[in-house]
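Each chain gets a letter, A, B and so on, in the order the sequences are listed, and its residues count up from 1.
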Amino acid sequence: MLNWFKRRRKDDSSYETNEEWIRGLSAPADEKAVEQLRDKLIRGLKPALHKYVDRELDQFVEDVAQDALLKILDNIDTFRGESKLTTWAMKIAVREGLTELRRKKYDDSSIEDFKYPNDEGRDELTSLTFATELPDPEEATHEQMILRKVLRIINEELTEKQRRAMKALMMQGLSATVVAEQMGTNRNALYKLVHDARLKIKNQLELEGVDPAKLFNN
Amino acid sequence: MKITKKVIKKLINAAFNSHEDEIGCGKCFDKLNKFAELELKGKSAAEAMPLVEDHLKRCGECREEYEALLEALRAVQG
Ligand SMILES: [Zn+2]
């Protein structure tokens, strides 16, 4: 019975279950499995990425599918079966495509600032000024005080790396993918770096008695 | 560089909304396929996997990837 299915599979190329997919994509991979998956990835990527790509969508999507396929085949043994295999594969392909687009956007942009980050950093954050025009002087003073506290924490309690990351992400609004690559790290580590910085600021502000509910409520 | 009220507000909000148990982009990505399937089946993915939901609210790039993944899956589902 099992043999019959195996033989039949060679003629009928439609892969359905995770078991079938895993067998087809494990080395040596079945060409038909790879082609069927490529088709599916391309059909998914086109509508998912079209709003980000202004020209040659077809070529871009085909390249992304190809790069994603290599990753999928390389990592097929890490698939843990928590979803359909094709959902897992699509996830890898979508990230591949968006990562590529973020890199491209950065390469095409003229954000010189972050490309030479060593020229600045601490000094610039120390000299930050707060642009605000408030009618109520008392409120303005209160805000200035909070701002000074926040700047002090940023400049004295955070590490150079944390300052650089927060500036790039929160003030310049740069892509986390790009910032991570520029800093020689990955997005996960960058997230953790900023997470620790956020917690530090929070704890310090709480220690200094700053009540978030009373802040900037206008 | 001038720091605007908007930026400082964002920073303070982000700080006060921080939690010890947040997950990072790596763990979020690990679970994203399961999360997306729950969502497409009309089950409450957010309730079943609150830490993933939490990360998606905080992290623009993971959210962008999640939304694109849903779009892709809907396209191949039919
Ligand atoms: Zn993330």
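Figure legend: A:Arg38 and A:Tyr15 shown without cation-pi pairing, the cationic atom not lying both under 6.0 angstrom from the six-membered ring centre and within 45 degrees of its axis.
Ionic pairing of A:Arg102 and A:Glu181 is not present here: no N-O contact between side-chain nitrogen and carboxylate oxygen is shorter than 4.0 angstrom. A salt bridge links A:Glu100 and A:Arg103; the closest N-O separation between the charged side-chain nitrogens and carboxylate oxygens is under 4.0 Å. Looking at B:Arg58 and B:Asp54, a side-chain N of the basic residue comes within less than 4.0 Å of a carboxylate O on the acidic one, giving a salt bridge. Under 4.0 Å is where a charged nitrogen must lie from a carboxylate oxygen, and between B:Glu67 and A:Lys51 no such pair does. Salt-bridge formation is not detected for the pair A:Lys32/A:Glu35: no Lys NZ or Arg NE/NH1/NH2 atom is positioned less than 4.0 Å from an Asp or Glu carboxylate oxygen.
Between chain B and the residues A:Lys192, A:Lys46, A:Arg95, A:Met166, the most heavy-atom pairs under 4.5 angstrom are made by A:Arg95. Counting heavy-atom pairs under 4.5 Å between each of B:Cys62, B:Gly60, B:Cys28 and chain A puts B:Cys62 at the top.
Proximity to chain B (any heavy atom under 4.5 Å) is shown, for A:Leu199, by both the backbone and the side chain. Neither the backbone nor the side chain of B:Asn13 has a heavy atom closer than 4.5 Å to any heavy atom of chain A. If you measure heavy-atom distances from A:Ser175 to chain B, the contacts under 4.5 Å come from both the backbone and the side chain. For a residue to count as touching a neighbouring chain, one of its non-hydrogen atoms must lie under 4.5 Å from one of that chain's; by this rule B:Phe29 touches chain A with backbone and side chain alike.
Chain A is approached within less than 4.5 Å, heavy atom to heavy atom, by B:Lys34, B:Glu37 from residues 34-53 of chain B, ordered by number. Proximity to chain B among residues 80-93 of chain A is limited to A:Arg80, A:Glu82, A:Ser83, A:Lys84, A:Thr87, A:Trp88, A:Met90, A:Lys91, A:Ile92, judged by heavy-atom separations below 4.5 angstrom.
A distance of 8.5 Å separates CD in A:Glu16 from CH2 in A:Trp21, rounded to the nearest 0.5 Å.
Side-chain atoms of B:Glu61 come within 3.5 Å of backbone N or O of A:Thr177 as a donor-acceptor pair. In this structure, the side chain of A:Arg43 does not engage the main chain of B:Ala75 through any donor-acceptor pair within 3.5 Å. Here the side chain of B:Lys10 pairs a donor or acceptor atom with the backbone of A:Met170 at under 3.5 angstrom.
Partners of A:Ala180 according to the side chain to side chain contact (heavy atoms under 4.5 Å, CB included) rule, which considers only residues two or more places apart in sequence or in another chain, are A:Thr185, A:Leu190. Remark: A:Lys200 engages A:Glu157, A:Leu158 in a side chain to side chain contact (heavy atoms under 4.5 Å, CB included) (not counting sequence neighbours).
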